[in-house]
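Presented below is the structure to which this report refers.
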Number of protein chains: 2
Amino acid sequence: MATRTDSLTLEVVELIGAVVARYHEEYDRAAAEHSLTGAQARVLGLLSLEPLPMRKIALRLKCEPSNVTGIIDRLETRGLVERRPDPADRRVKLAAATEEGRRTARELRDALDFAREPLAGLSDAERTVLRDLLRRMLGEETP
Amino acid sequence: MATRTDSLTLEVVELIGAVVARYHEEYDRAAAEHSLTGAQARVLGLLSLEPLPMRKIALRLKCEPSNVTGIIDRLETRGLVERRPDPADRRVKLAAATEEGRRTARELRDALDFAREPLAGLSDAERTVLRDLLRRMLGEETP
DNA sequence: ACCGATTTACTTGACAGCATGAAATATTCA
DNA sequence: TGAATATTTCATGCTGTCAAGTAAATCGGT
């Protein structure tokens with residue numbers, strides 16, 4: 001298709017690349033302020049909502065379960081996360097954020113300027129348009 | 001500010017997170033098809049446009065120069081990149097894509113479906129709107 | 001114009017984190 | 001009992017940082 005060579009599409013792709021870079025910068029910067037890596041911050045964010053079995057963390061991160069072991073190890077060492085047995089299945093271990101972990105996750109969310117700064121210049125109407133375009137891009141038809 | 005708690009903004013931020021995840025999936029998948037890591041693919045893409053001194057690669061990647069040494073080492077081992085002296089300054093080494101490197105970079109770009117698939121559902125008018133919104137988000141006022 | 005001190009470019013080595021894959025253990029389920 | 005599942009451990013490779021080292025350019029004072 002002509003899609004690839006068309007200059008408008010190329011520019012949009014380039015802009016998306018810039019957004020991706022910016023997103024990571026902000027995310028890693030916010031994480032580093034709490035001496036966390038990006039991966040640790042991401043997992044802590046997940047666990048601040050609900051405890052999860054290791055297996056499901058791996059699914060969300062799209063990585064091997066053996067990798068999650070190490071990430072949870074580091075968070076656990078720092079007292080941000082704890083492992084609990086799952087009463088329903090003694091094979092699984094639930095990773096849960098501790099009180100301190102939840103607090104850190106909250107501070108992390110608050111420190112993430114990405115939500116505020118770049119979007120601040122857009123009106124509500126523009127954000128709605130952007131939301132709908134992104135939804136369509138991602139193939140989730142507007143419900 | 002109310003910006004953070006407003007649900008429209010939150011949804012847009014979440015969608016951007018999804019775009020970021022999708023972007024990486026596609027990028028890493030395309031790179032893996034050529035047995036390259038994401039970082040290697042990124043550097044090869046840069047060098048396929050023009051040779052660059054190690055220092056500038058580090059600037060573009062926002063990482064330490066010592067890190068670039070290893071990435072270029074691996075690409076050089078595979079014959080995709082070569083180091084050349086800079087005639088103007090004997091301290092600097094220019095990394096340049098070889099013929100095979102440029103070919104791989106081209107195949108990589110062609111295999112990157114991100115440009116086609118998610119944008120394919122959008123009309124030209126919609127892409128223009130998206131482009132302008134992204135530009136404003138990134139703070140580059142439309143020239 | 002020269003020379004020593006500083007700065008710049010790159011590399012090396014040590015170390016931590018993320019990621020994979022294979023093998024081991026414990027538990028569940030058919 | 002035997003197959004499947006959840007987690008961990010181990011070996012390995014890549015990315016990233018930082019500190020130290022080498023080589024080359026540049027600057028300032030004479």
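Below, chain A is the first sequence line, B the second, and so on; all start at residue 1.
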Exercise. Under 4.0 Å between a Lys/Arg side-chain N and an Asp/Glu carboxylate O for B/R22 and B/E26?
Worked result: yes
Seminar exercise, completed: Axis-to-axis angle for the helix from C/dA1-D/dT30 to C/dA30-D/dT1, ends of five pairs each, to 10°, equals 20°
For this session: Select from B/V92 and A/C63 the residue whose nearest nucleotide in DNA chain C is closer to the 5' end of that strand.
Result: B/V92
Exercise. Start at the 5' end of DNA chain D and walk down; is the nucleotide closest to A/D89 or to B/T37 reached first?
Worked result: A/D89
For this session: With a 4.0 angstrom cut-off to heavy atoms of chain A, pull out the first and last contacting nucleotide of DNA chain C, in 5'-to-3' order.
Result: C/dG17 to C/dT28
Problem set entry | Qualifying residue, where the test is side chain to side chain contact (heavy atoms under 4.5 Å, CB included) with A/Q40 and the options are A/L80, A/L75, A/V81 | A/L75
Problem set entry | A/R60 bridged to A/E50 by N-O distance under 4.0 Å | yes
Problem set entry | A/E33/A/R29 ion pair, N-O < 4.0 Å | yes
Exercise. Reckon B/R74 has a side-chain N or O less than 4.0 Å from the OP1 or OP2 of D/dT15?
Worked result: yes
Exercise. Is A/R83 near enough to D/dT8 that one of its side-chain N or O atoms lies under 4.0 angstrom from OP1 or OP2?
Worked result: yes
Problem set entry | Short side-chain N/O contact to D/dT7 OP1/OP2 from A/T69, under 4.0 Å | no
Exercise. Between A/E99 and A/R103, is there a side-chain N and carboxylate O pair less than 4.0 Å apart?
Worked result: no
Seminar exercise, completed: Closest non-hydrogen contact found for A/I16 with B/Y23 is CG2-CD1, 4.0 Å
For this session: Could you tell me whether A/R127 and B/E11 have a side-chain N and a carboxylate O separated by less than 4.0 Å?
Result: no
Exercise. Using a cut-off of less than 4.0 Å, is there contact between a side-chain N or O of A/K56 and OP1 or OP2 of D/dA6?
Worked result: no
Exercise. Which pairs with one or both residues in residues 81-94 of chain A pass side-chain hydrogen bond (donor to acceptor under 3.5 Å, both in side chains), sequence neighbours excluded?
Worked result: A/D73-A/R83, A/E76-A/R83, A/E82-A/R84, A/D89-A/R91
Exercise. What is the distance from CG of A/D86 to P of D/dT7, rounded to the nearest Å?
Worked result: 9 Å
